[in-house]
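The first residue of the sequence shown is numbered 1, and numbering continues consecutively from there. Because only heavy atoms are used, hydrogens play no part in the values below, and waters and symmetry mates are left out as well, while side chains stay in. Quantities reported herein were computed from a predicted structural model and do not represent experimental measurements.
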Amino acid sequence: MDESFLTDDKRAEQALRERDAKIRGLFDANIIGIGVGERDGRLIEANDAYLRIVGYDRDDLLSGRISWMAMTPPEWINRSEKALSEFALTGAAQPFEKEYFRKDGSRVPVLVGIAGIEGTETHIIAFVLDLTERKLAEQALHEGEVKIRRLVDANIIGIEFWDYDGRILEANDAFLRMVGYDRDDLIAGRVDRDTLTPPEWRDYVARRVVDVKINGTIQPYEREFVRKDGSRVPVLIGAASFHESANQGVAFVLDLTERKRAEEELRASEARFRTFVDHATDTFMLHAEDGTILDVNRHASESLGYSRDELIGMAPTDFDPDAKTVFHQRMRERLGAGEILTFESRHRRKDGTEFPVEVRVREFEGRRVSLTRDITERKRAETEARENERRYRETQAELAHANRLATMGHLTASIAHEVNQPIAAAVTNANAALRWLSAERPDVEEVRQALRRIVENGNRAGEVVGRIRALVKKAPPRKDAVSINAAIREVVALTHGEAAKNRVSVRTQFADGVPLIECDRVQLQQVILNLIVNAIEAMSGSNHAPRDLLVITEKAEPDGVLVAVRDSGPGLAPETLERLFDPFYTTKANGMGMGLSICHSIIEAHGGRLWATPNLPRGAVFQLTLPANSEPS
Ligand code: ADP
């Protein structure tokens, strides 16, 4: 249509229609909230966007229930009235921020602009923008800033703000402390990336800066800073750029001095431990739970002949022939309970040779640690000690035998007399029998009696000889159940002649029910014989009467026996008492001085005790105890 044909009125009318259509279009587009209201605040029209913002629906609108005034919270009323005055004066109000109450009572932040509607005096049109999203974003930003500020001020970690030119724009105290600069240095621009970076780190740091530029952030990495005084400080540093101003960023810096020192210390102590373990003269092994070797010290390789690499991965059964039997389930349980196990075993070297070991094992943090000691030397010493002991016992036995022979030699005269007596009696009886037989009428009865006496005398002589033979016989030590009383009675009988010759009266006082003693009968008799002979000899030297010898047996607690030999001789001088049991100690011109020493060792070998005390009123007492189950050796 050619507009030149239109009248002015028509043109104006058309313009108005077009503008109305535009407003309607804006209204219906619902991009922003649009509401039309009375001056008193009652809303008479609104688009969907408006209703959505304030949370009302179209029915609320039609019933006239929505009012600007009612929707405005008290603290915003002033601001709204100011806008209305502005509108009254100029016909419009600049957009301003305020809040509305929604229908549900919650609040919504909005940007509101007001304008009049041409042709109506009373109607106002309001444009409303929902600011919720923007407010939330602002709040988040603010909270983020507050958090960062707090982090900066807390000075727990060092924080610096930098730009890509290497300037340090700001830093907290923790950072400055770390690098040894003060705030004046910072303000004067004396602290920058280059100054802080050691030369050998510069290339690396430059690459990290590029990374931040490309990715916005980098993973923390370890490096060093140069302090103001030139010293170095190890740090962990992470950085990020600010999105808003891409030329700047922030870095978080952690001082690693302490951690490095601790690491260093740990390394040093591990090295020390390793040296210690490697220089140890025992084998150390670390085992997995199933026994597999995880690590060994140097001595392990030296003693077994395998290299460390060969040993790692081996099982103890590979070099310990007894490991299987030694390491049964029960041991495993005890290890699990935290016990340290010690046992002896054998180890086999790579070349096949074996050596005895003592192994100690304990569990440690789910693993097993073993310490193995080569006990070849100890075993050799033990064998040697056993051998020495055996030789010593042999020598003792020889000596004891020699001593018995000597004692018996000493008693020869008395014993010969003892044997001679029954033989002489037998001869006398034989002569008598012959006489009875050669009579005219032989008296058979007399002859029978004479012959019976001959048998008795023969037996007596045989017994004496038998006892002597038993006593001087060289026999290995043995263990019998010996009746102490019977054994002593035999010895007393043997010395009977000697006692009589020296005018010594011998008495015995044997307790009933003395237990049998497990011991070597001959050795025990030798001891008693020595004590009796010594007592007789001691008393024979003095001219004082009486010469009394008393041999006593008693039950000793708990189940042993006590024997005492008391004499009324000169007794024991203090210096004699001290050395009585020493070998070769004698006060006699032709004494050997071995008797008591041998007696002492015999009684000790049987687990008993032999000691001497003075007798009252005079003389000496030798006493010995023997346990019931003594072990003759
Ligand atoms: P020996 O009889 O060959 O001297 P012993 O070892 O039997 O060797 O005795 C050592 C010493 O102990 C004797 O020389 C003597 O001095 C002393 N002695 C042993 N028994 C008695 C005793 N009953 N009374 C006094 N002295 C004794």
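- Residues Leu624 and Val527 meet the side-chain proximity criterion, which asks for heavy atoms closer than 4.5 Å.
- Note: Ile532 CD1 to Glu537 CD = 12.5 Å, rounded to the nearest 0.5 Å.
- Under a 3.5 Å cut-off, the side chain of Thr376 and the backbone N or O of Phe355 do not form any donor-acceptor pair.
- Using a cut-off of 4.0 Å between Lys/Arg side-chain N and Asp/Glu carboxylate O, Arg391 and Glu394 are scored as not salt-bridged.
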### Message
Under the criterion side-chain contact (heavy atoms from CB on, under 4.5 Å), I'd like the reasoning laid out for Trp611 against Leu580: C-alpha separation, chi angles, the key distance, then a yes or no.
### Response
CA-CA 9 Å; Trp611 71 102; Leu580 205 53; over 6 Å; no
> Is there a salt bridge (charged side-chain N to carboxylate O under 4.0 Å, His left out) between Arg267 and Glu270 once you walk through the steps?
Replying inline: CA-CA 5 Å; Arg267 256 200 303 280; Glu270 263 174 11; over 6 Å; no
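- A salt bridge between Arg453 and Glu456 is absent, with no side-chain N of the basic residue lying under 4.0 Å from a carboxylate O of the acidic one.
- Residues Glu358 and Thr342 form a side-chain contact, since some pair of their non-hydrogen atoms from C-beta on lies under 4.5 Å apart.
- At least one donor-acceptor pair closer than 3.5 Å links the side chain of Asp567 to the backbone N or O of Ala620.
- Heavy-atom neighbours of Arg507 CZ from other residues, nucleotides or ligands within 6.0 Å: at or below the threshold of 12.
- For the pair Arg362 (side chain) and Val369 (backbone), a donor-acceptor distance under 3.5 Å is absent.
- Counted within 6.0 Å of CZ on Arg469, heavy atoms from surrounding residues, nucleotides or ligands total 12 or fewer; the atom is thus considered open.
- Within the model, atoms CD of Gln526 and SG of Cys599 stand 6.5 Å from one another, a figure rounded to the nearest 0.5 Å.
- Within 6.0 Å of atom NE2 in His401, more than 12 heavy atoms from other residues, nucleotides or ligands are found, so the atom counts as buried in its surroundings.
- In this structure, Leu236 and Tyr221 have side chains that are not in contact, with every pair of non-hydrogen atoms separated by 4.5 Å or more.
- No salt bridge links Glu575 with Arg579; every basic N to acidic carboxylate O contact stays at or beyond 4.0 Å.
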### Task
Could you go through the salt bridge (charged side-chain N to carboxylate O under 4.0 Å, His left out) check for Glu344 and Arg378 one step at a time?
CA-CA 12 Å; Glu344 287 190 6; Arg378 193 171 88 193; 2.9 Å; yes
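- Contact check for Asp480 versus Cys519: no side-chain heavy atoms found under the 4.5 Å cut-off.
- Here the side chains of Leu451 and Asn429 are not in contact, with every heavy-atom distance at 4.5 Å or above.
- Of the possible donor and acceptor atoms, one in the side chain of Arg227 sits under 3.5 Å from a partner among the backbone N and O of Met178.
- Ion pair Glu264/Lys260 not flagged as a salt bridge, since none of the NZ, NE, NH1 or NH2 atoms sits closer than 4.0 Å to an Asp/Glu carboxylate oxygen.
- Put simply, the side chain of Asn297 gets close to the backbone of Asp282: a donor and an acceptor are under 3.5 Å apart.
- Asp520 contributes a side-chain N or O that, together with a main-chain N or O of Arg478, makes up a donor-acceptor pair within less than 3.5 Å.
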Evaluate Val506 against Thr495 for side-chain contact (heavy atoms from CB on, under 4.5 Å), listing each step before the verdict. CA-CA 10 Å; Val506 180; Thr495 53; 5.8 Å; no
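- Between Arg460 and Glu463 there is no salt bridge, since none of the side-chain N atoms of the basic residue sits less than 4.0 Å from a carboxylate O of the acidic one.
- Between the OG1 atom of Thr553 and the CD atom of Gln509 there is a distance of 8.5 Å, given to the nearest 0.5 Å.
- Under a 3.5 Å cut-off, the side chain of Glu554 and the backbone N or O of Leu562 do not form any donor-acceptor pair.
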- [ ] Decide yes or no on side-chain hydrogen bond (donor to acceptor under 3.5 Å, both in side chains) for Asp309 and Ser307, but give the supporting numbers first.
- [x] CA-CA 5 Å; Asp309 287 344; Ser307 73; 5.4 Å; no
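- Without hydrogens or angle criteria, Ser438 side chain to Leu434 main chain gives a donor-acceptor distance under 3.5 Å.
- Here NE2 of His299 is found 9.0 Å from CG of Leu304. Values are rounded to the nearest 0.5 Å.
- Without hydrogens or angle criteria, Thr508 side chain to Phe510 main chain gives no donor-acceptor distance under 3.5 Å.
- Enclosure of atom CZ in Arg373 is not indicated, since only 12 or fewer non-hydrogen atoms of other residues, nucleotides or ligands lie within 6.0 angstrom.
- Using a 4.0 Å cut-off between charged nitrogen and carboxylate oxygen, Arg348 and Asp318 do not count as a salt-bridge pair.
- For residues 580-603, the pairs satisfying ring pair (Phe, Tyr, Trp, His ring centres under 6.0 Å) are Phe581-His600, with sequence neighbours left out.
- In this structure the side chain of Asn502 never reaches within 4.5 angstrom of the side chain of Met539, judged on heavy atoms.
- Salt-bridge annotation for Glu258 and Arg261: present, with a side-chain N of the basic residue lying under 4.0 Å from a carboxylate O of the acidic one.
- The side-chain heavy atoms of Tyr306 and Ile293, taken from C-beta on, include no pair separated by under 4.5 Å.
- We find that Arg232 and Glu200 are joined by a salt bridge, their nearest charged nitrogen and carboxylate oxygen being less than 4.0 Å apart.
- For Arg390, the CZ atom is densely surrounded, since the number of other residues' heavy atoms within 6.0 Å is greater than 12.
- Here Asp512 contributes atom CG and Asn485 contributes atom CG; the two are 8.0 Å apart, rounded to the nearest 0.5 Å.
- Expressed to the nearest 0.5 Å, how far CZ of Arg360 lies from CZ of Phe284 amounts to 11.0 Å.
- Within 6.0 Å of CD in Glu289 there are 12 or fewer heavy atoms belonging to other residues, nucleotides or ligands.
- Using a 4.5 Å heavy-atom cutoff, the side chains of Val565 and Leu549 are in contact.
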(request) Mind running side-chain contact (heavy atoms from CB on, under 4.5 Å) on Leu524 and Val563 for me, showing each step along the way? (result) CA-CA 11 Å; Leu524 176 71; Val563 181; 6.0 Å; no
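- With a 6.0 Å radius and a threshold of 12 heavy atoms from other residues, nucleotides or ligands, Glu445 has its CD atom above the threshold.
- Arg259 and Glu222 are joined by a salt bridge, as a carboxylate oxygen and a charged side-chain nitrogen come within less than 4.0 angstrom of each other.
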